[in-house]
Amino acid sequence: MTRPGLAGELIAWQRQHGRHGLPWQGTRDAYRVWLSEVMLQQTQVSTVLDYYPRFLARFPDVQALAAAPLDDVLSLWSGLGYYSRARNLHRCAQAVVVQHGGRFPPSSAALATLPGIGRSTAAAIAAFCFGERAAILDGNVKRVLTRVLGFEGDLSSSAEEKRLWALAEAQLPERDVDVYTQGLMDLGATVCSTRSPACLLCPLQARCVAKAAGTPERFPVKTRKLKRSRRSHALLWLRQGGRLWLVQRPERGVWAGLWSLPEFEDAAALQALLAAAPGEGEWLPAIEHALTHFDWTLQPHVWTLPTGAALPAGLPPGRWVTEEEALAMGLPAPVRKLLAG
DNA sequence: ATCCTGAAGA
DNA sequence: TCTTCAGGAT
């Protein structure tokens with residue numbers, strides 16, 4: 001007689017206390033599940049609730065998404081961050097249409113070969129849509145499992161990460177994997193939070209090693225720390241006759257493929273470009289923007305060209321758009337905020 | 001190592 | 001208000 005696993009308790013909890021009415025739940029349509037999982041990868045539910053319906057209305061199925069211009073996809077993704085997700089989403093849709101006849105392949109192994117679908121997302125889709133017994137291991141689940149199991153390994157180490165994957169697979173129930181998987185996600189997102197877990201509400205509290213030790217916040221163990229550098233650039237907000245000049249950012253790097261204001265090394269480089277330009281302008285208050293690996297100061301300079309004046313020599317290639325057009329394009333969040341006033 | 005944003009904590 | 005942090009794939 002072995003002690004029942006944690007899965008049964010989690011499944012019962014999920015049925016009673018988990019989230020059920022979310023727009024991407026209650027379907028086995030892999031397109032919808034995939035879309036929600038990718039949006040949820042680095043984004044909170046409340047934000048995805050805002051984006052998911054709009055995205056689905058514009059791209060109701062994988063064929064529509066595959067056929068759309070990347071610019072349209074980026075435009076609807078604008079503000080969600082991590083824009084490589086949107087690029088991969090688009091590539092993945094095309095792969096599903098071209099290589100799989102428009103149907104998502106029904107196994108986690110096949111799903112994980114598609115762009116933007118890693119091992120954990122593949123397992124989630126396979127569990128929800130195809131009932132496959134596949135383990136997920138995203139940030140929330142790492143927290144739940146390391147705590148309940150008292151897993152002390154340092155997740156900066158790939159060997160320890162591998163061990164945890166094996167443990168995640170060992171917890172899988174024989175049946176109801178979809179409910180179990182959703183339960184792990186919901187528990188991690190609501191009860192087993194990073195900073196102040198609500199252990200008294202947790203269905204696993206009686207078996208949780210971390211709670212027994214009195215230090216649930218100590219898990220998961222991660223030694224590697226990120227150090228952030230600083231960068232500083234100038235932005236040119238060039239206007240003429242009710243329009244402004246936007247440039248498309250390179251396909252690699254920060255804000256890849258998004259439309260933005262021309263960026264310069266520093267204020268001097270920007271002023272050099274405008275030295276011979278007619279018109280007038282002024283510096284606006286600096287924008288502070290934090291990314292994963294650096295803090296970014298953006299110094300916007302607004303400049304109004306007289307109607308009919310030629311473009312300043314050396315202006316990077318781009319196009320004139322109205323403010324309304326600009327706001328419908330794929331803009332980075334701080335640039336959108338700046339232009340929207 | 002890189003990639004973005006909003007929320008939570010101080 | 002300011003700073004820190006969470007969150008997967010490539």
Side-chain angles (χ1 to χ4, degrees), chain A residues 34-51 74 76-92 95 108 111-125 134-144 146-147 155-156 158 161-162 164-165 168 181 184-186 188-190 192-198 217 219-231 233 249-260 263 285-298 330-338 340:
Chain A
W34 162 69
L35 177 60
S36 70
E37 287 303 324
V38 174
M39 284 188 170
L40 288 164
Q41 272 170 5
Q42 281 100 346
T43 310
Q44 301 218 325
V45 167
S46 57
T47 306
V48 173
L49 279 173
D50 196 32
Y51 281 76
L74 287 170
L76 271 132
W77 200 268
S78 174
L80 267 181
Y82 284 109
Y83 298 98
S84 63
R85 289 184 295 167
R87 309 174 70 80
N88 285 333
L89 199 78
H90 191 232
R91 284 205 298 136
C92 183
S108 60
L111 288 165
T113 68
L114 291 166
I117 303 184
R119 182 173 173 183
S120 189
T121 301
I125 299 169
I136 61 167
L137 193 59
D138 62 16
N140 286 339
V141 176
K142 284 176 182 168
R143 204 163 52 243
V144 172
T146 55
R147 285 174 179 175
L155 293 185
S156 305
S158 57
E161 176 117 3
K162 200 174 162 190
L164 189 57
W165 268 108
T181 299
L184 270 182
M185 292 175 160
D186 284 11
T190 59
C192 195
S193 57
T194 307
R195 295 178 196 195
S196 46
E217 318 79 25
F219 297 87
V221 177
K222 257 179 293 186
T223 56
R224 208 175 93 226
K225 285 166 196 164
L226 180 74
K227 49 181 173 184
R228 258 192 329 206
S229 53
R230 287 208 137 270
R231 287 184 208 175
H233 290 108
R249 296 183 59 89
E251 303 217 340
R252 324 222 17 157
V254 175
W255 296 336
L258 297 195
W259 290 86
S260 186
E263 178 190 314
I287 299 167
E288 295 296 337
H289 193 68
L291 292 93
T292 308
H293 48 297
F294 62 93
D295 290 313
W296 207 3
T297 303
L298 294 165
L331 303 174
V335 173
R336 175 174 300 279
K337 209 171 296 175
L338 175 69

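Note on naming: letters A, B, ... go to the chains in the order of the sequence lines (proteins, then strands), and numbering restarts at 1 for each one. All values derive from a computational prediction rather than experimental measurement.
- A:S46 comes within 4.0 angstrom of nothing in the nucleic acid, heavy atoms only.
- The distance from atom CZ of A:R336 to atom P of B:dG6 is 11 Å, rounded to the nearest whole Å.
- Between A:L331 atom CG and B:dC4 atom C1' there is a gap of 14 Å when expressed in whole angstrom units.
- Below 30°, between 30° and 60°, or above 60°: for A:W296 and A:W255 the angle between ring planes is between 30° and 60°, a tilted geometry.
- Residues A:P115 and A:C92 share a closest heavy-atom pair of O-CB, 3.4 Å.
- If you take CG of A:L40 and P of C:dA9, they are 12 Å apart, rounded to a whole angstrom.
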Heavy atoms under 4.0 Å is the rule here; annotate nucleotides 1-6 of chain C 5' to 3' with B where the base is hit, S where only the sugar-phosphate is, and - elsewhere.
-> ---BSS

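- Atom NZ of A:K337 is separated from atom P of B:dC4 by 16 Å (rounded to the nearest Å).
- Checked against B:dG9, B:dC4, C:dG8, the side chain of A:S196 finds its nearest nucleotide in B:dG9.
- A search for ring pair (Phe, Tyr, Trp, His ring centres under 6.0 Å) contacts involving A:W259 returns nothing, not counting sequence neighbours.
- Among the heavy atoms of the strands lying under 4.0 Å from A:L114 are primed sugar atoms or P, OP1, OP2 only; no base atom is included.
- Remark: the backbone N or O of A:F219 is not paired with any side-chain donor or acceptor of A:T146 at under 3.5 angstrom.
- One interatomic measurement links the two molecules: CG of A:L74 to C1' of B:dC4, which rounds to 13 Å at whole-angstrom precision.
- The distance from atom CG of A:N88 to atom C1' of C:dG8 is 11 Å, rounded to the nearest whole Å.
- In this structure A:R85 satisfies the salt bridge (charged side-chain N to carboxylate O under 4.0 Å, His left out) test with no other residue, sequence neighbours excluded.
- At least one side-chain nitrogen or oxygen of A:T121 sits closer than 4.0 Å to the OP1 or OP2 atom of C:dA9.
- Distance A:R85 CZ to C:dG7 C1': 9 Å, rounded to the nearest Å.
- For A:Q44, no side-chain nitrogen or oxygen approaches OP1 or OP2 of C:dG7 to under 4.0 Å.
- Side-chain atoms of A:T194 and A:E217 include no donor-acceptor pair closer than 3.5 Å.
- Rounded to whole Å, atom P of C:dG7 lies 14 Å from atom CD of A:E161.
- Scanning all heavy atoms of the two residues, the minimum distance from A:L258 to A:P332 falls at CD1-N, 3.6 Å.
- Among B:dT2, B:dA7, B:dC4, the nucleotide with an atom closest to any side-chain atom of A:H293 is B:dT2.
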